[in-house]
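What you are looking at is a predicted structure, and each value in this text was computed from that prediction instead of being measured. In what follows, every heavy atom counts, from backbone to side chain, and hydrogens, waters and symmetry copies are set aside.
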Amino acid sequence: QVQLVESGGGLVQAGGSLRLSCAASGRTFASYATGWFRQTSGEEREFVCAVSGSGGRTVYADSVKGRFTISRDTAKNTVSLQMNSLKPEDTAVYYCAARGGPVATTQPGTYDYWGQGTQVTVSS
């Protein structure tokens, strides 16, 4: 079993930066691919980015490529999301998710564990 807790959300002006963290419990987390998704009210959960279990491969949605960076610290059992050049359209609840396998995927249905989410609001 893996439990995920996100932190680092908040309110920021357009063009600013935020860093989200996902802290995980469970010894096997280090081998789990981990992703970030986001969701706004009334919309489907949207893929943002993911990192493989080894940390060697990352995948990004086109909308965040070049602005967001995902990384994992195996020793600390954390996955972080550095978000730069934020835009109002990045406003959403951001969720950390982990899947019981090393391959990073983009579909939310392939992830087994989810955090409670953290709100990110970007003002114009």
Side-chain angles (χ1 to χ4, degrees):
Q1 189 73 301
V2 174
Q3 292 186 326
L4 306 173
V5 179
E6 303 98 334
S7 61
L11 173 65
V12 64
Q13 288 188 332
S17 298
L18 278 176
R19 186 176 181 87
L20 305 183
S21 290
C22 175
S25 63
R27 291 179 299 173
T28 56
F29 176 74
S31 64
Y32 286 7
T34 305
W36 287 94
F37 293 79
R38 63 189 182 187
Q39 188 171 25
T40 56
S41 180
E43 298 293 326
E44 296 288 321
R45 197 161 291 190
E46 175 190 22
F47 170 76
V48 176
C49 58
V51 60
S52 64
S54 68
R57 184 171 181 265
T58 56
V59 184
Y60 294 92
D62 288 343
S63 59
V64 306
K65 204 171 291 184
R67 299 188 298 122
F68 290 12
T69 303
I70 188 171
S71 60
R72 71 185 309 148
D73 186 330
T74 302
K76 295 182 179 180
N77 252 14
T78 59
V79 171
S80 298
L81 177 62
Q82 178 66 42
M83 305 186 293
N84 299 328
S85 302
L86 282 161
K87 305 175 181 180
E89 51 264 43
D90 294 318
T91 295
V93 177
Y94 282 70
Y95 296 90
C96 175
R99 62 186 304 266
V103 178
T105 61
T106 64
Q107 298 301 313
T110 61
Y111 286 78
D112 305 298
Y113 306 100
W114 292 84
Q116 82 288 350
T118 185
Q119 176 70 47
V120 171
T121 303
V122 184
S123 63
S124 57

- Please list all pairs passing the salt bridge (charged side-chain N to carboxylate O under 4.0 Å, His left out) test where one or both residues lie in residues 73-88, with sequence neighbours left out. none

- Query: For T110, what residues pass the side chain to side chain donor-acceptor pair (under 3.5 Å) criterion, not counting sequence neighbours?
  - Reply: T105

- Task: Verify the neighbour count for atom CD of Q3: are there more than 12 heavy atoms of other residues, nucleotides or ligands below 6.0 Å?
- Result: no

- Task: Calculate, to the nearest 0.5 Å, the distance between atoms CD and OG1 belonging to E89 and T40 respectively.
- Result: 11.5 Å

- Message: Contact between S71 and Q82 at the side-chain level, heavy atoms closer than 4.5 Å - yes or no?
- Response: no

- Minimum side-chain heavy-atom gap S21-T78 below 4.5 Å: no

- Item | Side-chain donor-acceptor pair present, R38, Y94, cut-off under 3.5 Å | yes

- Steps toward side chain to side chain contact (heavy atoms under 4.5 Å, CB included) verdict (Y60, R67): CA-CA 10 Å; Y60 294 92; R67 299 188 298 122; over 6 Å; no

- Please check if the distance between the ring centroids of Y113 and F29 is under 6.0 Å. no

- Fit a plane to each ring of W114 and F37, take the angle between them on a 0 to 90° scale, and name the class: parallel (under 30°), tilted (30 to 60°) or perpendicular (over 60°). tilted

- For the side chain of T34 and the backbone of Y32, is there at least one donor-acceptor N/O pair under 3.5 Å apart? yes

- Task: Spell out, as yes or no, whether a donor-acceptor pair under 3.5 Å connects the side chain of E6 to the backbone of C96.
- Result: yes

